[in-house]
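Chain naming here is simple, since letters A, B, ... match the order of the sequence lines and numbering starts at 1 in each.
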Amino acid sequence: MFRIKTSGLYPTLLCVALLIAFTTEGGALASSLPETHEGAYRSIWGINSRIAVWMIAQTHLFFAAFVLGVPIFSFCIELVGIITKDKRYDAMAREFIRISMTAFSFTATFGGILLILLVTLYPDFTSYSLKIFGPVMIVYAFLFIVESFALYIYHYGWSAMSDGYLKWLHLFTGLLLNLTGTSIMVLANSWASFMMAPSGVDPETGEFMGNLWAVINGPLWNPLNLHRFVANIAYGGAIVGAYAGFKFLTAKTREGKAHYDWMGHTANLIAVIGLLPLPFAGYWLAKEIYAYSQQMGVTLMGGIFAWVFIIQAVLIGAIFLGVNYYIWVGLGRVSGGEKYRTAIKFMALLLVACFLVWFTPHTIVMTGAEQKTLGGAHHPILGYFGVMSAKNSAVNIMILTTFLSLLLYQRVGKRATASWALQGNAVITALFVAGAINVIALGVYGYLVPANVRIGLSVPQVATTLLVIVMVSVINYGMYKNPDKGRAGPEWGKMPVRSQYALFLIAISFTWLMGLMGYVRSGIRQQWHIYTIMKDNSADSFTPTLGYAAKIVSLNTLLFMAMIVFIFWLDNMGKKRAS
Amino acid sequence: MKTLAQVMLFNISIIFAFTWFSGSIPQIRSAPQNFRPISGKGISPESYAAIGGSIYNGKGTCNLCHDRVGHRAPILLSSSEDGPHIVLRAVDRVAESGYKGSAKNGVEYLRESMTDPSAYVVKGFGKVGSDEAKSPMPSVVYGPMNLSPFEIEAIIAFLQNSAGMTVTAKPPERKDETAVKPVDTGVVADIDSIFRKYGCTLCHTDPVTEGNEDVADTGPSLTALPEKYINGAPGGLSLQEYIRQSVIAPETYIVKGYEKGVMPDDFADRMRVSELEMIVNKLGGTQ
């Protein structure tokens, strides 16, 4: 009952907020910007309004990403279970949904708190936004109710709908859950993208022009949708992986360890599947930001936020290293995995080298004397690694290396039975080598051409990486369609304790990264609530330093992690009671 | 419980490491756009050019694209592969047969380039896909820059000054200014907010923005005043009295090397007593 009541809170609050918006200032939908006046910004108990909204919004997004990502792969795993008739998949899909149930309530609760804070602390901004997006918010609230129904049926009806056509009906409920969840996300994205790149309103007065679709379908809406959709899958996988890691460490029985090892492996796999295309989705979003406003793009990549991408390199580097490390240790589960040890050493070196290139800043803060010693603003050798040509190449090589790790894991303990296996291996090797050479060659070429051409080179680099991944996957699938499983399968549970810490590293780094990029996405609006339309006239209209933002992000991550531990503890308690 | 503690310790260590790293790299904080309460009356050409320089590198964000590093837009402040200094180039440009804009002289061309950048698109710098017909540069009078006529003319003054030419650009009448005045919420929590509210950091380096190379130096630095005036402030005043006088009657004493008539003289009307005292205490080292 608690969950149902809490989930209902959000749409109720939304409706109340809409009522307030429409009953003030004439209630006209076609509203222009409110006049700035005293009281446009409020403060409660001396708490900084921006920090309050920032933290609550980010916590809401952490939970929202988790509860939107988990049902996607839960649905896919249930489908795999139905097709393969392997009950283990069904049980795992159910466990994924079960651990995300309480998180749904938290998502709704923090959404409700966010709405209250916006209405209270930023009344003018909220009033204007509600008037523009009023009809969208009504649909949003309706979808929220449908999603809640689908979720409860999907979760509580799992046992009752486990056979025959009812199982397919259950799967359909999962599909409905995902459709409504994703629709909710894209609607909410339209508000965020409107704040960054407003459309459908008069650029000078902010007056709504009458076409709501033009407001929703802004220049950054779809890139943001894709980026968040993919990231949610990766993030859901990372959090569930951390859950499985903790359960593995605390499991008392061999069966328990085996189950959670399998779960951790699957979750990590899901995180990798989401992680590999994520940089490409990020490129698209950044490209569209540049196309919308060159100034915003330069602020993002070359202005005050440029250093964020060095931190981002550290975080994504940690995720890549964690993911690969976990896969490499996982090779020990299967007899025959030891033959890849030498290859792994080289792959580890390659990853670290790429990470260091990505991590190298273009310029560093120096005194005049230091600059004189160095012979300029850039280091004579390391300076070359500071530009996008080097960094794009490094990221693409890291993605290819991670894909190679997955390929090796998939092959271990099996022997290809296709008659053309030898030629297939030769083609796969050639594809990897040619792909890597092309990526590096394009990177080197980037140093010889102007900046606007150089930026465009990231597209063929990305295309090369994607092409290698797709072609190798197809050839490998043909080679191992009916493999000779000469050796025994994975010995689930045979993983060292240290491997589970890699799962925690991935989850923490993902969460922190999301918080950091949230700060950047909002921050590039600089002194605007709605870019170029509604100015931030509050005392907080400055962009805080990275160090300051990092402290807020860390606090947010700690709070989120504490709540996640609480949720897992509740789940454990519920399970104990049930058994 | 032991496992939980170990896992939490590991997680907190990672979070701490990320926080430490983020705090160890260069810290830049962007100042908000401020209403510029400077009157054009009596301002010297050099001071006006200096204000233009701070706008060029600050609020106008011109240096983001017009620089050698990214070279996203033509280089303006020196001779380069794009041509001579922009002030000289502007004169040549209006005389070109292919020029279709409405400017009649170099200064008008500079103004037009800022207010209507697509009036003339420099070859090689057009928006991708527009066939050099459209400039990727936004008009400075709208959107994020939102420069007033006062600020646009100041940039022209800065460009003329940087070319070593006579500064002919003059501040327009005050009524032409369109910059938005920030809302006085009546709540000023700290000294930092006061500096932002009254735009002090547009001209002065203060203890908060010290080290940020983007800040203007149109006015004297406000850092380390107690050390600077350890033997007493000008006019035989105590440091606190001197700061108070400098805010409410800035023309009484002009620091050597700085211009008269730059600092607004109406803070006594606009500033709250509590705000003035907060500034005095902070800068005077009595807080």
Peer 1: Listed by chain and number, what are the ring-ring contact (aromatic ring centres under 6.0 Å, His included) partners of A/Tyr548, not counting sequence neighbours?
Peer 2: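 So A/Tyr548 forms no ring-ring contact (aromatic ring centres under 6.0 Å, His included) with any residue.
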Peer 1: What is the distance from atom OG of B/Ser118 to atom CD of B/Glu112, rounded to the nearest 0.5 Å?
Peer 2: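 Reported to 0.5 Å precision, the distance equals 10.5 Å.
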Peer 1: Is the distance between the ring centroids of A/Phe305 and A/Tyr519 less than 6.0 Å?
Peer 2: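 Ring-ring flag for A/Phe305/A/Tyr519: true, centres closer than 6.0 Å.
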Peer 1: Please confirm whether B/Phe18 and B/Phe21 have ring centers closer than 6.0 angstrom.
Peer 2: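 No; B/Phe21 has its ring centre 6.0 Å or more from that of B/Phe18.
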Peer 1: Checking A/Leu516 against chain B: side chain, backbone, both or neither under 4.5 Å from a heavy atom?
Peer 2: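 No part of A/Leu516 comes within 4.5 Å of chain B.
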Peer 1: Over 60° means perpendicular and under 30° means parallel, so classify the ring planes of A/Tyr260 and A/Tyr243, tilted if in between.
Peer 2: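 Judged by the thresholds at 30° and 60°, the geometry between A/Tyr243 and A/Tyr260 is perpendicular.
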Peer 1: Which heavy atom of A/Tyr531 sits nearest to which heavy atom of A/Ser293, and what is that distance?
Peer 2: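 Of all heavy-atom pairs spanning A/Tyr531 and A/Ser293, the closest is OH-OG, 3.7 Å.
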Peer 1: Where does A/Tyr501 contact chain B at under 4.5 Å (heavy atoms): side chain, backbone, both or neither?
Peer 2: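 Both parts, backbone and side chain.
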Peer 1: Go through A/Ala507, A/Ala242, A/Ala550 and name the one with the most non-hydrogen pairs under 4.5 angstrom from chain B.
Peer 2: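 Among A/Ala507, A/Ala242, A/Ala550, the one with the most close pairs to chain B is A/Ala550.
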Peer 1: Considering only heavy atoms, which portion of B/Met137 lies under 4.5 Å from any heavy atom of chain A: side chain, backbone, both, or neither?
Peer 2: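 For B/Met137, neither part sits under 4.5 Å from chain A.
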Peer 1: Let me know if A/Val565 has heavy atoms under 4.5 Å from chain B in its side chain, its backbone, both or neither.
Peer 2: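 Side chain only.
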Peer 1: Measuring heavy-atom distances to chain B, does A/Ser509 have an atom under 4.5 Å in its side chain, in its backbone, in both, or in neither?
Peer 2: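 Contact with chain B involves both backbone and side-chain atoms of A/Ser509.
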Peer 1: If you tally heavy-atom pairs under 4.5 Å against chain B, which of A/Leu505, A/Thr250, A/Val308 wins?
Peer 2: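 Winner by heavy-atom pair count: A/Leu505.
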